[in-house]
Asker: 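Got a structure for you, written out below as structure tokens; questions coming shortly.
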Amino acid sequence: MKKILNIREVRQLPKNSDFNVMGIVSKLTRRKDRNDNPFWEMTISDSSGDLEGKVWAASTWRNTQGGDNFPIDPDNCGLKFEGSTVEIIGKIAEYREQIQYNFNDIYYLDQNENPPHLFVRHSPVKNDFLEDTFINLIAEISHEELRNFVEAVFFKHGLWEKFKTWPAAISLHHAYTGGLLEHSVSVALGAKDLAKHYKDFAIPVNMDLIIAGALLHDIGKLEAYSISPVPQMTLPGNVIEHITLGYCKFMKLAEVEKLDEKITLALGHIMVSHHGRREFGSPVLPETPEAMIVNAADDLDFRLSYWKLQIEALNNQSDVTDYLPLIERRLWRGINL
Ligand SMILES: [Fe+2]
Ligand SMILES: [Fe+2]
């Protein structure tokens, strides 16, 4: 029996290597090839990363629960693969000069012996630091009505319990337990530094709006994603999207808390414009210094964490990633100075 590797170790193997890996199925999509044969695109995840592979029609699927080991038809076996722990035996191939992971044998494991939560990734930043910083940031808001509102959103209306464990995405960036808190705190601290800088350069920036806007900007993700136990997109997430979900939630709470109309407008503008481009889901572009700064901090936080994820997934032999259509470039490891 081959040694079971983690996903990071599999990524370091050269092409033509065989591998044996265990993880949770975070995505499974059924497709058809040119000859109408079914195949699946499967992503498995563990605490070291994600691995996307192809499960071709000739691959075998087996159920090994309760000490059994028998072949199954993934379409008609009554087992839910997404969110469950599997073992994969596969081979690394090359297709059109790109590495391809072929998953040849898929074993559905005993979920009690290999509970999926053991494979879930967590924020690499200390939880206590994130929670304390979040609470201190609210306390820094000097405008009393605004501070009370932000406090009420998270602590009176019960968002906090979910917020502190939620992922900020299902892939790409902060797609793990605690990712939303990590991302929101990072955006708020980054935006605060930018605001301080521009204040010194005679641009009028309201620090209270910056902090409140940054902490609230992604609350729509609470409805757009779920953890089961890997981050998944919900139906509202798919068909409404987190910016609209977040704005609706914010407007409801602003009404309940009787938040001042002008503040509601300024904060609402930061929320709906935070992606900075219409093609990225923002119906309007940032029109105030506060909205521009939150957008810049959000965008940079996404790009840097995406860079980290992609570079960590790189094979030891390469310094540059494949072309990444999402950000219209390759990413480079850079130099060690
Ligand atoms: Fe967002
Ligand atoms: Fe964000």
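Reckoned from all heavy atoms, side chains included, excluding hydrogens, waters and symmetry mates. Residue numbers run from 1 in the order of the sequence given. Numbering of ligands and ligand atoms starts at 1, following listing order.
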Asker: List the residues meeting salt bridge (charged side-chain N to carboxylate O under 4.0 Å, His left out) with Lys80, not counting sequence neighbours, and say none if there are none.
Answerer: none
Asker: For the Fe ion (ligand 1), how many protein N, O or S atoms lie at less than 2.8 Å?
Answerer: 4
Asker: Decide whether Asn295 and His217 meet the rule of one side-chain donor and one side-chain acceptor closer than 3.5 Å.
Answerer: no
Asker: Ignoring hydrogens and angles, state whether a donor on the side chain of Asp50 or Ser45 is under 3.5 Å from an acceptor on the partner side chain.
Answerer: yes
Asker: Looking at Thr43, is its backbone amide N or carbonyl O close enough to the side chain of Ser26 to form a donor-acceptor pair, meaning the two atoms are under 3.5 Å apart?
Answerer: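 Judged by distance alone, yes, a pair lies under 3.5 Å.
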Asker: For Asp299, give me all partners under salt bridge (charged side-chain N to carboxylate O under 4.0 Å, His left out), at least two apart in sequence or on another chain.
Answerer: Arg303
Asker: Just grab all the ring pair (Phe, Tyr, Trp, His ring centres under 6.0 Å) pairs involving residues 86-127, residues at least two apart or on different chains.
Answerer: Phe81-Tyr108
